[in-house]
Amino acid sequence: MDRPVDPLHESQLAEPAQVSPHRSRRRLVWLVLLILLVGAGVLLWRQHRAPSATNGRVVPPTSVAVAVVGKGDIGVNLNALGTVTSLATVTIRTQISGYLMKIDFKEGEEVKKGDLLAEIDPRPYEAALAQANGNLTRDQALLKGAQVDLTRYRGLAAQNAVPHQTLDTQVALVAQYQGTVEADHAAVKAAEVNLQFCHIVSPLDGRVGLRQVDQGNYVTPGDTNGLVVITQLHPISVLFTVPEDNLQAIAKRLQAGATLPATAYDRSGANKIADGTLQTFDSQIDPTTGTIKLRARFPNDARTLYPNQFVNIRLLVDTHSNVTVMPTAGVQRGVPGTFVYLVNADNTVSVRKVDLGVTDGVHVEVLSGLNPGDRVVIDGADKLRDGAKIAVRAEAGQGGNPASTTEQSGHGAKKQRPDGGQKQ
């Protein structure tokens, strides 16, 4: 039963036991690599599939508002800061000294030229006038007597009845009395003027301010504050400055006989206060600021402008007629420069580069790039790109009839500013 073991057979049996662990490791490595490759492939497939599903089914068309490009007139305006200035401001002062007997005005009321404002005690000046008239009467009588004597002396001198010295003395006496009478006439006139000064009247039409002195005070011509200040409010003017570069255009229009409308707005620039016209400009340019001062005149019938009031002035210099216009809200800026999103017939948008002219903050002149009738996006453009699908939620009318107020002092075509826009 016990058989001896063959050494060769024993080695053949042991060899498979040694090779089996190596094969197992190799199979395990290949299996891990296969699993990794399958996982990577699935991940890549999902990543490529997700955008396709998003573009095709998930993202809806972008909702936008559009406007139609049109034809119209647009004005070229200059915006400036101005100060209301009265054409006449008078401080009423007394020309004589005396007690203020009566005040004949109410604070804040409108007065006309020649209206009585105050009365000063006239009695001292009435007495002075009476005395001047008395002196005049006395000296006129003396002159008349001297002239009668002169006539008599001339007749006697012709007969050599009196010395010529007596005649010459009488001639000098008559001339003396004539001078005295002339002085008396002047004294009477001065007394009459002083008596008139007792009644202080308004030198112009205007509004009376607050009185500076009360009834019963002794007033003199040297009083610093005077009695009251009268300010002309109708008409009134506004002083404002513009850059010297705009002077040539303004001067050219004025020399051609054009009337340049000027509009006054409140401090915010949102509310219109009054309408007027440009009257003139200064004769010198301020070298420190490079600006020139202009004066606009306003009727101010509604009394909406008062001296030293701060206002914004919009001066219409010129008007561009029958030009292509569009809303400034549709203007975009980016890598292409100034562009708009043009709406295509298939409800997609395309980027269209445009050149712009002047703007009024609401509308802008289009020099090139668009034609009347084109539709542009004016709201919702922040999510658009070239070729994007859109859904029009609102469409404005043609932009060809703007408010005709184009400025040259603002900074931007998309944002409406109280002080206006500028050339784009």
Side-chain angles (χ1 to χ4, degrees), residues 71-85 87 235-265 269 272-299 305 310-328 331 338 354-369 399-424:
K71 283 278 190 179
D73 299 341
I74 192 165
V76 181
N77 281 3
L78 295 177
N79 290 301
L81 304 178
T83 302
V84 181
T85 304
L87 294 175
I236 205 167
S237 69
V238 175
L239 293 179
F240 60 98
T241 59
V242 298
E244 59 179 312
D245 296 338
N246 302 123
L247 177 59
Q248 296 302 322
I250 296 174
K252 183 177 180 181
R253 294 279 291 162
L254 290 178
Q255 290 172 1
T259 300
L260 303 186
T263 306
Y265 291 83
K272 184 172 75 170
I273 301 177
D275 292 314
T277 57
L278 180 66
Q279 187 175 13
T280 186
F281 55 86
D282 200 358
S283 58
Q284 294 183 349
I285 295 175
D286 189 346
T288 59
T289 60
T291 58
I292 188 166
K293 188 177 295 185
L294 292 84
R295 183 189 295 274
R297 188 167 180 170
F298 294 82
L305 297 175
F310 175 85
V311 294
N312 287 283
I313 293 296
R314 186 171 296 173
L315 177 66
L316 178 61
V317 179
D318 202 355
T319 300
H320 293 180
S321 302
N322 198 28
V323 295
T324 302
V325 293
M326 61 163 286
T328 56
V331 178
T338 304
V354 294
D355 293 326
L356 304 179
V358 293
T359 177
D360 64 358
V362 177
H363 297 85
V364 61
E365 178 186 5
V366 181
L367 301 178
S368 64
N401 296 305
S404 296
T405 52
T406 298
E407 293 77 15
Q408 295 181 343
S409 63
H411 302 280
K414 292 182 63 180
K415 184 177 181 182
Q416 182 178 359
R417 295 166 51 90
D419 56 346
Q422 64 174 1
K423 284 191 175 183
Q424 302 296 320

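Once rounded to the nearest 0.5 Å, the distance linking CG of Leu278 with CZ of Arg295 reads 11.0 Å. Separation of atoms NE2 (His363) and CE (Met326) is listed at 9.5 Å; rounding is to 0.5 Å. To the nearest 0.5 Å, atom OG1 of residue Thr280 and atom NZ of residue Lys293 are 12.5 Å apart. Taking OG1 of Thr319 as the reference point, atom CG of Asp73 lies at 7.0 Å (rounded to 0.5 Å). Separation of atoms CG (Leu367) and OG1 (Thr338) is listed at 11.0 Å; rounding is to 0.5 Å.
Checked against side chain to side chain donor-acceptor pair (under 3.5 Å), Ser368 has the following partners two or more places apart in sequence or in another chain: Asp355. Applying the side-chain contact (heavy atoms from CB on, under 4.5 Å) rule to Thr288 yields the partners Asp286; only residues at least two apart in sequence or on another chain are considered.
For residues 241-263, there are no salt bridge (charged side-chain N to carboxylate O under 4.0 Å, His left out) pairs, not counting sequence neighbours.
Proximity of Asp282 to Leu294: side-chain heavy atoms (C-beta onward) are nowhere separated by under 4.5 Å.
In plain terms, the two heavy atoms of Ala296 and Phe240 that are nearest each other are CB-CE2, 3.8 Å. Closest non-hydrogen pair, Val242 versus Ala80, comes out as CG1-CB, 4.3 Å.
A cation-pi geometry, defined here as NZ or CZ lying under 6.0 Å from the six-membered ring centre and within 45° of its normal, holds between Arg314 and Tyr265.
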